[in-house]
Amino acid sequence: MRIVDTHQHLWEQDRFPYSWTAGIPALNRSFSLEDYRQASLGEGVSKTIFMECDVDAPHALGEARWAQGLADANPLIAGIVASAPLESDTFSNHLEALLDLSKLRGIRRVLHTRDDGFSKTPLFRENLKRLPKHGLVFDLCVLSRQLPVAIDLVRACPEVSFVLDHCGVPDVKGEGFHPWKEDIRELSGYANVVACKVSGIVAYADPEKVEACSMRPWFEHVVSCFGWERMVWGGDWPVCTLTSDLRNWIQISKELCSQASDSERSKLFSINAERIYGV
C-alpha cells in the first residue's frame, strides 16, 4: 500500500538546538533522512511531510529553510509544516519569509507545552487567520486535557483549516477514555477540522502492550467521529521509537484498518493527505 507519512521529524543537533530532547535520552541525538529511509524501508512510503520539531524558537525559520533544502534534494519530502510564532507581533515578517519556501504547506505552533491561555490571545488568533489566504493548514497539537482549548480555538477561527495531531494525545497506557471520547466527538463536529491525524498513539501506549488490540478503541472512535474522508496517517518518527520502531507502527496501523475497504485504507494512508496538504 502506498503511504504518505504526514508527520516526519528530522533533526540535526549540531545544526539547531532542541532543548526538549535533553530530558529524553532516546531522542537526544540527531535523526537524519537516511535514518528515516532505513526505518521505513520496504513499507511503501512514497511521500512525507516534514513536521517542525519544536526547535528552540530563535531557530524556527532556519529549521524550515533547512527542511526546504532537504526537500529540494530529496523528492521523498513533498511538503513542510513549519514552526511560526503566532503569539508574536513578528509573525507577519516570519510568515513572509516562510512563503518563499516552495514546499510550505502548513504551520504548527506546539500548544501542549504551553499554558491553556497561550492560543486565546487576540494576536494569536489574528495571526492564525492569515493562513487561509495562503492556502496553509494549521496542525493542532494539544494534550488530551487541552481538547476544550482546541475546540475554543477551532470555533473562533472557522475559516482556518485544522489538522488534529496524534488523535488528540489520548492516555492510551492509562486507558483514560473519558473525557477524551466526548471532546473528540465535539471537535469532529466542526467542519474546519479537516482531518484527525492517526499518529502518536503508539508513543502513548504501554511499552509492554504495543499491539493493535490495545490501540483499537482509540482508533475506532476517531473513525466513528471523523469518518474515512477526514483522517490522515502519520509515523511520528522518531518519537514513535519510544515504544515501537516505525515498521511495527505501520504494521499495527494496517491491522487496525484491516476490515476497511481498499478505498477507505487508501484515503487514510495517502489520498486524504495529498488533498489536504496539496502534495
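Side-chain contact between Arg185 and Ser224 is present, with at least one heavy-atom pair separated by less than 4.5 Å. Put simply, the side chain of Trp228 does not reach to within 4.5 Å of the side chain of Ile271, judged on heavy atoms. Between Cys257 and Glu264 the shortest side-chain heavy-atom distance does not fall below 4.5 Å. Between His134 and Leu98 there is no side-chain heavy-atom pair separated by less than 4.5 Å. Using a 4.5 Å cut-off on side-chain heavy atoms (C-beta onward), Ile184 and His221 make contact. Contact annotation: the side chain of Leu140 never approaches that of Val193 to less than 4.5 Å [non-hydrogen atoms, C-beta and beyond]. Between Phe162 and Tyr190 the shortest side-chain heavy-atom distance does not fall below 4.5 Å. The closest side-chain heavy-atom distance from His7 to His166 is below 4.5 Å.
In this structure, Lys129 places its NZ atom where more than 12 heavy-atom neighbours from other residues, nucleotides or ligands lie under 6.0 Å away. Within 6.0 Å of the CD atom in Glu182, the count of heavy atoms belonging to other residues, nucleotides or ligands exceeds 12. Residue-environment remark: CD (Gln259) stays at or below the threshold of 12 foreign heavy atoms within 6.0 Å.
Looking only at atom types and distance, the side chain of Ser263 has no donor-acceptor partner in the side chain of Ser261 under 3.5 Å away. Arg37 and Asn74 share a donor-acceptor pair across their side chains, judged by distance under 3.5 Å alone. With 3.5 Å as the limit, one finds a donor-acceptor pair spanning the side chains of Trp233 and Ser253.
One finds the OG1 atom of Thr48 at 5.0 Å from the CD1 atom of Ile77 (value rounded to the nearest 0.5 Å). Summarising the geometry, atom NE2 belonging to His94 is positioned 13.5 Å from atom CG belonging to Asp89; distances are rounded to the nearest 0.5 Å. Put simply, OG on Ser83 and CG on Asp139 are 11.5 Å apart, with the number rounded to the nearest 0.5 Å. Here the CE atom belonging to Met1 is positioned 11.5 Å from the OG atom belonging to Ser46, to the nearest 0.5 angstrom. Taken from SG in Cys225 to CG in Leu187, the straight-line distance is 9.0 Å, to the nearest 0.5 Å. Considering CZ of Phe269 and OG1 of Thr6, their distance stands at 11.0 Å, rounded to 0.5 Å.
Relative ring orientation between Trp11 and His9 is described as tilted, the plane-to-plane angle lying within the 30° to 60° band.
Side chain of Ser270 to backbone of Ser266: a donor-acceptor contact under 3.5 angstrom is found. For the pair Asp236 (side chain) and Ser199 (backbone), a donor-acceptor distance under 3.5 Å is absent. With hydrogens and angles ignored, the 3.5 Å screen pairs no side-chain donor or acceptor of His59 with any backbone N or O of Pro17. Within the 3.5 Å criterion, the main-chain N or O of Glu52 finds a donor-acceptor partner in the side chain of Arg108. The closest donor-acceptor contact from the side chain of Asn272 to the backbone of Met231 lies under 3.5 Å. Looking at Arg109, its side chain never comes within 3.5 Å of a backbone N or O of Ser119 through a donor-acceptor pair. Within the 3.5 Å criterion, the main-chain N or O of Ser19 finds a donor-acceptor partner in the side chain of Asp56. Side chain of Asn192 to main chain of Val154: a donor-acceptor pair is present (N/O by atom type, distance under 3.5 Å, no hydrogens or angles).
Arg130 and Ser92 get closest at one heavy-atom pair: NH1-OG, 3.8 Å. Across Ile107 and Ala84, no two heavy atoms sit closer than the pair CG2-CB, 3.8 Å. Closest approach of Ile201 and Val172 over heavy atoms only: O-CG2, 3.9 Å. Nearest heavy atom pair, residue Trp218 against residue Pro170, reads CE3-CB, 3.5 Å. Nearest approach of Leu256 to Met215, heavy atoms of both residues: CD2-C, 4.2 Å. Across all non-hydrogen atoms, the minimal contact from Arg230 to Ala191 is NH2-CA, 4.5 Å.
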Derivation and outcome, side-chain contact (heavy atoms from CB on, under 4.5 Å), residues Leu123 and Glu87:
CA-CA 6 Å; Leu123 180 58; Glu87 74 285 2; 6.0 Å; no
Trace of the side-chain contact (heavy atoms from CB on, under 4.5 Å) decision for Lys103 with Phe50
CA-CA 10 Å; Lys103 296 293 185 179; Phe50 172 88; over 6 Å; no
Test side-chain contact (heavy atoms from CB on, under 4.5 Å) applied to Lys197 and Met51, step by step
CA-CA 13 Å; Lys197 188 176 294 187; Met51 179 59 59; 3.6 Å; yes
Take Glu274 and Arg2, measure what salt bridge (Lys or Arg N to Asp or Glu O under 4.0 Å) needs, and give me the verdict at the end.
CA-CA 12 Å; Glu274 291 171 332; Arg2 188 171 62 87; 2.5 Å; yes
Kindly determine whether Tyr36 and Leu10 satisfy side-chain contact (heavy atoms from CB on, under 4.5 Å), including the steps that lead there.
CA-CA 8 Å; Tyr36 177 86; Leu10 304 167; 4.1 Å; yes
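Tested against Trp180, the residues Leu147, Asp171, Leu143 include a single side chain to side chain contact (heavy atoms under 4.5 Å, CB included) partner, Leu147.
The hydrophobic cluster containing Leu70 also contains Tyr18, counting ILVMFWY residues as joined when their side-chain heavy atoms lie under 4.5 angstrom apart, directly or transitively. Follow the hydrophobic side-chain contacts under 4.5 Å out from Trp237 and you never reach Val4; the two are in separate clusters. Transitive grouping of hydrophobic side chains (ILVMFWY, heavy atoms separated by less than 4.5 Å) keeps Ile49 and Val45 in distinct clusters. A single hydrophobic cluster is seen to contain both Ile151 and Leu111, as judged by linkage of ILVMFWY side chains at heavy-atom distances under 4.5 Å, directly or through other members. Following chains of ILVMFWY side-chain contacts shorter than 4.5 Å, one cannot reach Leu153 starting from Val163, and the two form parts of different hydrophobic clusters.
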Quick one: side chains of residues 239-247, donor-acceptor pairs under 3.5 Å with protein atoms, not counting sequence neighbours, listed by atom name and distance.
residue : atom : partner : partner atom : Å
Thr241  : OG1  : Pro238  : O            : 2.4
Thr243  : OG1  : Val202  : O            : 2.6
Ser244  : OG   : Asn248  : ND2          : 3.1
Asp245  : OD1  : Arg247  : N            : 3.2
Asp245  : OD1  : Asn248  : N            : 2.7
Arg247  : NE   : Leu41   : O            : 3.2
Arg247  : NH2  : Gln38   : O            : 2.6

Under 3.5 Å, sequence neighbours excluded: what are the donor-acceptor pairs made by side chains of residues 23-31?
residue : atom : partner : partner atom : Å
Asn28   : OD1  : Gln13   : NE2          : 3.1
Asn28   : OD1  : Thr21   : OG1          : 3.1
Ser30   : OG   : Gln13   : N            : 2.9

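For Glu186 and Arg155, the salt-bridge test passes: some basic side-chain N is under 4.0 Å from an acidic carboxylate O. Arg65 has no carboxylate O lying under 4.0 Å from a charged side-chain N of Asp100, or vice versa, which leaves the two without a salt bridge.
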